[in-house]
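Contents: one structure, followed by commentary.
Predicted model, so just to flag it, every value in this text is computed and none were measured. Labels below follow one simple rule: chain letters A, B, ... track the order of the sequence lines, proteins then strands, and each chain is numbered from 1.
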Number of protein chains: 2
Amino acid sequence: MTFSNRPLYLQVRDALAERIASGGLLPGAAIPSEGDLAREIGVSAGTVRKALQMMETDRLIVRQQGRGTFVSDPCSAELATRFTMVHGPDGERVRGQLKSSEIARGAAGEVERDRLQLAAGDDVYRLKRVRMHRGAPFAVEESVLPADLFPGLEARRETADQIAALAHEYGVLLGNARERVYAAAPPVAVANMLGTAPGTHVVVLDRVLVMMGGRRPVEWRLAHVHLPGGYYLAEIR
Amino acid sequence: MTFSNRPLYLQVRDALAERIASGGLLPGAAIPSEGDLAREIGVSAGTVRKALQMMETDRLIVRQQGRGTFVSDPCSAELATRFTMVHGPDGERVRGQLKSSEIARGAAGEVERDRLQLAAGDDVYRLKRVRMHRGAPFAVEESVLPADLFPGLEARRETADQIAALAHEYGVLLGNARERVYAAAPPVAVANMLGTAPGTHVVVLDRVLVMMGGRRPVEWRLAHVHLPGGYYLAEIR
DNA sequence: CCAGATTTGTTCGTATGTATC
DNA sequence: CGATACATACGAACAAATCTG
């Protein structure tokens, strides 16, 4: 019997989360019932229940009385737009459509090492994107990912505009994010892409996304947004 | 026996929350142990436990293994700055010190009725404030409160700069907040108070604070912030 | 529409572990 | 060291929602 001082319900949660991350349990799949899981794993139903409740608050699964427990789809509209807090004048979330995308690999710079908690010499992938809304570019952003979490990313630039889809492909479970919001004059290159007059201020979004559990940063994104009448909506709990 | 279809643990939570809101349980006071509560109320220890866990996630109480359960102090530094997301260039929260304060009562306008979910004819209190940071004004804000929640507010303008303290005095438990963040040129009067050059953009914070449970808005605040090098920090869960 | 099976939600009770005083 | 309090774990029973035949 393997010795471990960690609470049983945490071990159960981690085991199930690992099966979801690795693709053993696909999005939409039904998880065995509490009773079945308890018998399989060899713990009580209450322990399984607590593990499942934690996984539900982490948005890893969805539970419905009378139906069952199901694996959440991280690429669903609800979860994929979870970190998109930019809203248009009408109050609707603005995600935009991808216009262009570039990808490059290189050694992490000073700010990148700070934001992503990397060591000197670590590599990152840099993804540059321009997002369109109602026919006009409204956001220019650079997304930086630790190279070791996304090996061989150059090959697949098609899904590279959705961090949720990307993370799911690589078996990375997304946790929370912290985003700095401020106004500033953008670099000239960015201003040109956005079509703003020189000196015009835009909203800068400096966001770090961490893995579930909060241990490791997954993505650092620096976005310049120009959306007249729009706003950033923060929810404070 | 009183009929109710609501789950027991919700009834227990509400009963305890009411005792805290009404001042029957003061900040810092120790709550009876799970076992004692269970006996007093006449439910099982597990039901009490679930109620207490919910109250802890609502930040109403703090639990410590081996010590006990204690009523949180809503005016403590941690809880009073919970909704203050403005950070200075050094990364520290900037709350500032109150410079001036005005209070007036009147009928709610259109925007105020929208934000505070009031009906035509309802009254509000309007509090105008200027906040100082390092000797200079950095924020001009107007805080609007439903008059029926804060009867006789004119009399006590001393604590009027801390919504947490105010709510506690009136037995209002604070829940969550939603804040719109955007950049705009401030009104001339505001620009004069902030000392910004004409045309300079500032960050506008449009925040609605709701009661615990999410039913009713407690405060609408519109703040104009000018803090070079600072930023708004949003946490996305 | 109903009856029965399944699954999660709620409630109860007990025992043991662990941190604090 | 003992007493106290919360944390973990187990097991059981019933309620409520859902699906199927």
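When rounded to the nearest whole Å, the span between CD of A:Gln11 and P of D:dC10 equals 11 Å. B:Gln53 places its CD atom 14 Å from the P atom of C:dT11, with the value rounded to the nearest Å. The nearest whole Å value for the distance from the CE atom in B:Met54 to the P atom in C:dG9 is 13 Å. Atom pair B:Arg6:CZ and D:dA15:C1' shows a separation of 17 Å (rounding to whole Å applied). As a whole-Å value, the separation of A:Arg63 CZ from C:dT7 P is 12 Å. Rounded to a whole Å, the CZ atom of A:Phe70 is 17 Å from the P atom of D:dA17. The distance between atom CD1 of A:Ile31 and atom P of C:dT7, rounded to the nearest whole Å, is 13 Å. In this entry the distance linking CE of A:Met55 with C1' of C:dT8 reads 16 Å, nearest Å.
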(message) Using a 4.0 Å heavy-atom cut-off to protein, can you give one letter per nucleotide of nucleotides 13-21 of chain C, 5' to 3': B if the base is in contact, S if only the sugar-phosphate is, - if neither?
(response) S---BBBBS

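Between A:Gln11 atom CD and A:Arg6 atom CZ the span is 6.5 Å, to the nearest 0.5 Å.
Remark: side-chain polar atoms of A:Arg59 are paired, donor with acceptor, to backbone N or O of B:Arg237 under 3.5 angstrom.
Phosphate proximity of C:dT7 to A:Thr69: absent, as no side-chain N or O sits under 4.0 Å from OP1 or OP2. Put simply, B:Lys50 has a side-chain N or O that comes within less than 4.0 Å of OP1 or OP2 on C:dT10.
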(request) Would you sort out whether B:Arg115 and B:Asp206 count as a side-chain contact (heavy atoms from CB on, under 4.5 Å), showing the intermediate values? (result) CA-CA 10 Å; B:Arg115 295 290 202 275; B:Asp206 179 329; 2.6 Å; yes

(request) May I have the step-by-step check of side-chain hydrogen bond (donor to acceptor under 3.5 Å, both in side chains) for A:Thr47 and A:Ser44, ending in yes or no? (result) CA-CA 5 Å; A:Thr47 300; A:Ser44 79; 3.3 Å; yes

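Remark: the A:Arg49 side chain and the C:dG9 base include a donor-acceptor N/O pair separated by less than 3.5 Å.
With A:Leu209 as the fixed residue, the side chain to side chain contact (heavy atoms under 4.5 Å, CB included) test singles out one of A:Ile163, A:Asn176, A:Val172: A:Ile163.
Using cut-offs of 30° and 60° for the angle between ring planes, the A:Phe150 and A:Tyr170 rings count as perpendicular. Using a 30° and 60° split on the angle between ring planes, A:Phe138 and A:His133 fall in the perpendicular class, above 60°.
Across D:dA7, C:dG9, C:dT11, the shortest atom-to-atom separation from the side chain of B:Thr47 is found for C:dT11. Distances from the side chain of B:Tyr9 to the nucleotides C:dT11, D:dT8, C:dT8 place C:dT11 closest.
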